[in-house]
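Report on the following structure.
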Amino acid sequence: MDIDYDTLADEIENGTLRQRLEEELLAGFRQLQSQGDPLPPASYFASKVAEIIDSGATEPLTEAMKYGLYQEVLTACEQARATVLGEPPVIQ
């Protein structure tokens, strides 16, 4: 997933990051499932994704931005995981 760090704060605020990430996660989770691999817990996967996004920033993210980033990534992971597993959607 391409991250535009110049617009990251706006994408976190308006939900665009979550939507884009969820679409990519759906494809990846479906592939894992079709291979018979278990889907990782959403919180585990979210922490890894948020860490990767944070580490790619040229300037350190603020603590508030890190928190918002993790929340958006976690929601995307929960929703994508639930969709692939055929569970009810995550309430946002």
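Since we're looking at a predicted model, the values are computed, not measured.
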Determine, step by step, whether R81 and L25 satisfy the side chain to side chain contact (heavy atoms under 4.5 Å, CB included) criterion, reporting the C-alpha distance in whole Å, the side-chain angles of both residues, the deciding distance to 0.1 Å, and the verdict.
-> CA-CA 8 Å; R81 190 174 192 280; L25 288 168; over 6 Å; no
Residue pairs meeting ring pair (Phe, Tyr, Trp, His ring centres under 6.0 Å), one or both in residues 25-61, sequence neighbours left out, come to F29-F45
Can you list the residues that meet the side-chain hydrogen bond (donor to acceptor under 3.5 Å, both in side chains) rule with [X], with sequence neighbours excluded?
X   : value
N14 : T16
E11 : T7, R20
R30 : none

For residues L32 and P38, determine if any side-chain heavy atom of one lies less than 4.5 Å from a side-chain heavy atom of the other.
-> no
Side chain to side chain, Q31 and D37, heavy atoms closer than 4.5 Å | no
Scan for salt bridge (charged side-chain N to carboxylate O under 4.0 Å, His left out) pairs involving residues 70-79, sequence neighbours excluded, and state none if there are none.
-> R18-E72
With sequence neighbours excluded, what pairs up with E87 under the side chain to side chain contact (heavy atoms under 4.5 Å, CB included) test?
-> A82, L85
Would you mind listing the cluster partners of L74? Hydrophobic ones only (ILVMFWY), side-chain contacts under 4.5 Å, chaining allowed.
-> Y70
List, one per line, each side-chain donor-acceptor pair under 3.5 Å for residues 49-69, sequence neighbours excluded.
| residue | atom | partner | partner atom | Å |
| --- | --- | --- | --- | --- |
| S55 | OG | E51 | O | 3.3 |
| S55 | OG | I52 | O | 2.9 |
| T62 | OG1 | M65 | N | 3.0 |

Give the minimum heavy-atom separation between E22 and A80, together with the two atoms involved.
-> O-CB, 4.0 Å
More than 12 foreign heavy atoms under 6.0 Å from CD of E24: is that the case here?
-> yes
